[in-house]
Amino acid sequence: MREKAEYRSAIRSRNMIRRALVELMLEKEYQKITIKDIVERADISRGTFYAHYSDVHAVIEQIENEIMEKMIEFLDEFKHTDLIQNMMPFLAKVSHFLGQDIEFYRMLIAVDAASTFMTKMKAILIESLLSYERKMNTVQEREAFNLHVNFFASGLVAMYEDWFKGKLNSSLDDLAAAVSRIMVQGFQPFLLK
């Protein structure tokens, strides 16, 4: 029982640290944020911070890594299915994951450093979609497919980014359904082969 309480306390401390960092990143440049700033904002001790992270960079690195690992995990679940024929199961998982802490992700998207992270997310999605194993008969078909993948991955990431910035009025589930329909229509020429 004591271990569970300590585990919950560690999770709570890490979440407080992460949230404090993201809040501070909305107020000033990332490079100017100190551990002192974070512990004051999170209302924790320096010892608590160092029990979980070595420095400020380690906090943002862990946030990025956790999100990317989760996306890769979701994509891996659909490796043996035809993801471009139906993205809805994947997008539903993404929506559920993001929906667990919408306000945190909304803040995270708003920080200046988010563009680098979004580029990494797009690269993961492109890599996964390009692994689609349909054989293209010609160089032109392969090039067209590559352009479609890049276009849709960029659009998908941009739509989620716009949703978190409040530019789209749909629910996360409605966004996932719309994106899935758009992608199936866009990849239709490749599905008919």
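Index from 1, following the sequence.
Once rounded to the nearest 0.5 Å, the distance linking CE of Met107 with CD1 of Ile102 reads 12.5 Å. Note that OG of Ser128 and CD1 of Ile72 are 9.5 Å apart. Values are rounded to the nearest 0.5 Å. Summarising the geometry, atom CD1 belonging to Ile38 is positioned 9.5 Å from atom CE belonging to Met25; distances are rounded to the nearest 0.5 Å.
Annotation: Phe187 is not in aromatic contact with Phe151 [ring centroid separation under 6.0 Å not met].
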### Task
Tell me, with the steps shown, if Asn65 and Met68 meet side-chain contact (heavy atoms from CB on, under 4.5 Å).
CA-CA 5 Å; Asn65 289 341; Met68 286 192 289; 4.1 Å; yes
### Task
May I have the step-by-step check of ring-ring contact (aromatic ring centres under 6.0 Å, His included) for Phe164 and Phe104, ending in yes or no?
CA-CA 10 Å; Phe164 276 105; Phe104 176 76; over 10 Å; no
### Message
Apply side-chain contact (heavy atoms from CB on, under 4.5 Å) to residues Arg41 and Glu27 and explain how you reach the verdict.
### Response
CA-CA 12 Å; Arg41 177 66 59 99; Glu27 298 169 12; 2.8 Å; yes
### Working for salt bridge (Lys or Arg N to Asp or Glu O under 4.0 Å), residues Lys28 and Asp37
CA-CA 11 Å; Lys28 60 183 178 179; Asp37 294 332; 2.8 Å; yes
### Task
Just do the side-chain contact (heavy atoms from CB on, under 4.5 Å) check on Tyr160 and Ile109 with the steps written out, would you?
CA-CA 10 Å; Tyr160 274 91; Ile109 291 293; over 6 Å; no
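Partners of Met16 according to the side-chain contact (heavy atoms from CB on, under 4.5 Å) rule, which considers only residues two or more places apart in sequence or in another chain, are Arg12, Ala42, Ile44. Scored by the salt bridge (charged side-chain N to carboxylate O under 4.0 Å, His left out) test, Glu73 finds Lys70 as partners (sequence neighbours excluded). Under the rule for a side-chain contact (heavy atoms from CB on, under 4.5 Å), the partners of Ser180 that lie at least two apart in sequence or sit in another chain are Asn86, Met87, Met88, Leu91. When the side-chain hydrogen bond (donor to acceptor under 3.5 Å, both in side chains) test is applied to Gln31, no partner is found at least two apart in sequence or on another chain. Legend: residues meeting side-chain hydrogen bond (donor to acceptor under 3.5 Å, both in side chains) with Glu66, ordered by chain and number and at least two apart, are Arg18, Gln62. Applying the side-chain hydrogen bond (donor to acceptor under 3.5 Å, both in side chains) rule to His52 yields the partners Arg14; only residues at least two apart in sequence or on another chain are considered. Shown here are the side-chain contact (heavy atoms from CB on, under 4.5 Å) partners of Ser171, two or more places apart in sequence or in another chain: Asp173, Asp174. Among residues two or more places apart in sequence or in another chain, the side-chain hydrogen bond (donor to acceptor under 3.5 Å, both in side chains) test is passed with His96 by Gln100. The salt bridge (charged side-chain N to carboxylate O under 4.0 Å, His left out) search around Glu103 returns Arg106, not counting sequence neighbours. By the side-chain contact (heavy atoms from CB on, under 4.5 Å) test, Ala58 pairs with Tyr53, Ser54, Asp55, sequence neighbours left out.
Among all heavy-atom pairs drawn from Ile126 and Val149, the shortest one is O-CG1, 3.8 Å. Counting all heavy atoms, side chain and backbone alike, Ile60 lies closest to Leu21 at N-CD2, 3.8 Å. Heavy atoms only, all atoms of each residue included: Thr34 and Val56 are closest at C-CG2, 3.9 Å. Across every non-hydrogen atom of Leu125 and Phe90, the tightest pair is CD1-CE2, 4.3 Å. Ile17 and Thr48 make their closest contact through CD1-O, 4.3 Å (heavy atoms, listed as atom of the first residue, atom of the second, distance).
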Which atom pairs, one a donor and one an acceptor, fall under 3.5 Å between side chains of residues 115-124 and the rest of the protein, sequence neighbours left out?
from   : atom 1 : to     : atom 2 : distance (Å)
Thr119 : OG1    : Ser115 : O      : 2.9
Lys120 : NZ     : Glu64  : OE1    : 3.0
Lys122 : NZ     : Ser154 : OG     : 3.4

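Annotation: side chain of Val179 is not in contact with side chain of Phe152 (no heavy-atom distance under 4.5 Å). Under the 4.5 Å side-chain criterion, counting only non-hydrogen atoms from C-beta, Met183 is in contact with Leu129. Annotation: side chain of Val111 is not in contact with side chain of Tyr30 (no heavy-atom distance under 4.5 Å).
Trp163 contributes no side-chain N or O that, together with a main-chain N or O of Leu175, makes up a donor-acceptor pair within less than 3.5 Å.
Among residue pairs with one or both ends in residues 83-102, those qualifying as salt bridge (charged side-chain N to carboxylate O under 4.0 Å, His left out) are Arg19-Asp101, Glu77-Lys93; sequence neighbours excluded.
Using a 30° and 60° split on the angle between ring planes, Phe97 and Tyr105 fall in the tilted class, from 30° to 60°.
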